[in-house]
Asker: 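Below you will find the structure I want to go over with you.
When a residue number appears, it is its place in the shown sequence, counting from 1.
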Amino acid sequence: MKLPSCAAALMAAVLFASLTGVSEASAARMADAEALPSVNMEAAVKAAQIDPRRPDSTLTPGAKASVLLIEQALRDRRLLDAKWVDGYFGTTTVAAYANYQKSLGLSGLDANGLPGKTSLTKLGTGRFKVSDIIDPGTRVSTGAFVVNARTRSMLAEAKRLLGRDLKLDQGSYNPGGDPTSAGTHDGGGVIDVSVKGMNSATRTAAVRALRLVGFAAWLRSPQQDDWPWHIHAAAISDTSLSGQAQHQIGDYYLGLNGLAGRGPDDGPKVTIRTWEEYQRR
C-alpha cells in the first residue's frame with residue numbers, strides 16, 4: 001500500500017531525527033574519551049620496576065603524570081592512602097596495584113603489581129585512556145623452552161645483531177625450576193643463554209646484543225654461585241615478570257649486577273632501552 005505523501009514525509013523525518021540522535025550521542029562519547037588524560041603504560045611500567053629499588057625518592061623521568069593518575073584511581077578505590085599519591089611507583093603503590101588486580105579476580109603473574117593492559121584499562125574507565133601499550137603476547141616455544149612472543153622477538157633480533165645463534169639453557173614460566181635462579185624464571189621475560197663454545201669476546205658481544213634489544217643481561221660465572229657459565233637475561237618491562245625479575249631490572253637501571261649482593265654492574269655499557277624503545281629508535 002502506498003503511504004500518503006504527508007505520512008511518508010513524517011516517517012522520513014522521524015527516521016532522520018533518530019539517526020541524527022544516535023550519531024550525536026556517539027560523537028559526544030568519542031569527544032569525552034578524547035578529553036580524558038592519558039596514562040603512558042610504558043612509562044608507568046618502567047617506574048614500577050625501578051622505583052621500588054631506589055635508595056631515595058627520585059622519580060622515574062617521564063613517568064610522574066601517568067603514575068599520579070594511577071595512584072589517584074587506586075586512592076579513590078581505597079586501595080592506597082592519599083599520602084602515597086606522589087608520582088613515585090614504590091613498593092606501597094606496587095602492593096596497592098597488586099591488590100587491585102586481585103580485586104578483579106586475577107591471580108599469580110596477572111597480579112604481580114605491574115600495570116597490565118587489561119587491569120590498567122579497567123582502572124582507567126571514565127578517568128583516563130591508556131597509550132603506549134605493552135603486550136608480552138602468548139606463550140610460545142623456542143627449542144625445548146617456553147617464552148612469550150615478545151621475548152622470542154627480542155631474542156631473534158639479538159641473534160641477528162650478533163650474527164650467530166643463541167641457544168637457551170632455561171626459559172620462562174618455570175616455577176620451581178633451577179633453585180639457583182631464586183624465582184626469576186617463575187614468570188615471563190627471563191631466559192638463560194648457553195655460552196658453550198664462546199670465547200670471552202663472544203660472550204661479551206652476546207651480552208651487549210641482548211642489552212641493545214631490551215634485556216637486562218649479565219654474564220654469570222661459577223665464582224658468583226653454584227652455576228655454570230651462562231648469560232642471564234630479563235626482558236625489561238615484560239608485564240608478566242616475577243617479583244624477583246622485576247627487582248633485577250630495577251637494579252639494572254640503577255647500575256647494579258642483578259644479584260642478591262647488589263654489586264656494581266659488570267657488563268658492557270649500552271644505552272638502556274626497552275624493546276619498544278629499541279623498535280622506535
Asker: If you look at every heavy atom in Val190 and Thr184, which pair is closest and at what distance?
Answerer: CG2-O, 3.3 Å
Asker: Does atom NZ (Lys159) have a neighbourhood of more than 12 heavy atoms from anything else shown, all under 6.0 Å?
Answerer: yes
Asker: Return the minimal non-hydrogen interatomic distance between Ser131 and Asn40, and the atom names on each side.
Answerer: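 Looking at all heavy atoms of both residues, the shortest contact is OG-CA, 3.6 Å.
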Asker: When rounded to the nearest 0.5 angstrom, what distance separates CG in Asn148 from OG1 in Thr142?
Answerer: 11.5 Å
Asker: I'd like to know if the side chain of Glu277 and the backbone of Thr274 have a donor-acceptor N/O pair within less than 3.5 Å.
Answerer: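 Checked: pair present.
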Asker: Determine, stepwise, if the pair Trp275 / Phe215 fulfils ring pair (Phe, Tyr, Trp, His ring centres under 6.0 Å).
Answerer: CA-CA 8 Å; Trp275 171 236; Phe215 285 101; 8.6 Å; no
Asker: Which pair of heavy atoms, one from Ile236 and one from Ile249, lies closest together, and at what distance?
Answerer: CA-CD1, 3.7 Å
Asker: So with a 6.0 Å cut-off around CG of Asp226, is the heavy-atom count from everything else above 12?
Answerer: no
Asker: What do you reckon, is CZ of Arg281 surrounded by more than 12 foreign heavy atoms closer than 6.0 Å?
Answerer: yes
Asker: Which of parallel (below 30°), tilted (30 to 60°) and perpendicular (above 60°) describes His230 and Trp227?
Answerer: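 The arrangement is perpendicular - the two ring planes meet at more than 60°.
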Asker: Locate the shortest heavy-atom distance separating Ser194 from Met198; write the atom from each residue and the value.
Answerer: O-CE, 3.6 Å
Asker: Distance check, rounded to the nearest 0.5 Å: Asn112 atom CG versus Gln101 atom CD?
Answerer: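 Asn112 atom CG to Gln101 atom CD measures 5.5 Å (nearest 0.5 Å).
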Asker: Return the CG to CG distance between Asp265 and Asp251, rounded to the nearest 0.5 Å.
Answerer: 10.0 Å
Asker: With rounding to the nearest 0.5 Å, note down the distance linking CG in Leu241 to CG in Leu114.
Answerer: 6.0 Å
Asker: Which pair of non-hydrogen atoms, one from Gly90 and one from Asp51, has the smallest distance, and what is that distance?
Answerer: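 Distance-wise, the nearest heavy atoms are N-CB, 4.0 Å.
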Asker: Would you call the rings of Tyr97 and Phe89 parallel, tilted or perpendicular if under 30° counts as parallel and over 60° as perpendicular?
Answerer: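 Answer is tilted, since the angle falls between 30° and 60°.
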Asker: With rounding to the nearest 0.5 Å, note down the distance linking CD in Gln248 to CZ in Arg53.
Answerer: 9.0 Å
Asker: Rounded to the nearest 0.5 Å, how far apart are CG of Leu74 and CG of Leu123?
Answerer: 5.5 Å
Asker: Within a radius of less than 6.0 Å around NZ of Lys196, do more than 12 heavy atoms belonging to other residues, nucleotides or ligands occur?
Answerer: no
Asker: Give me the atom names and distance for the closest heavy-atom approach of Pro61 to Arg54.
Answerer: CD-NH2, 4.3 Å
Asker: Among Asp192, Val193, Val195, Ile231, find the residue that satisfies the side-chain contact (heavy atoms from CB on, under 4.5 Å) test when tested with Asp169.
Answerer: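 With Asp169 as partner, Asp192, Val193, Val195, Ile231 yield a single side-chain contact (heavy atoms from CB on, under 4.5 Å), made by Asp192.
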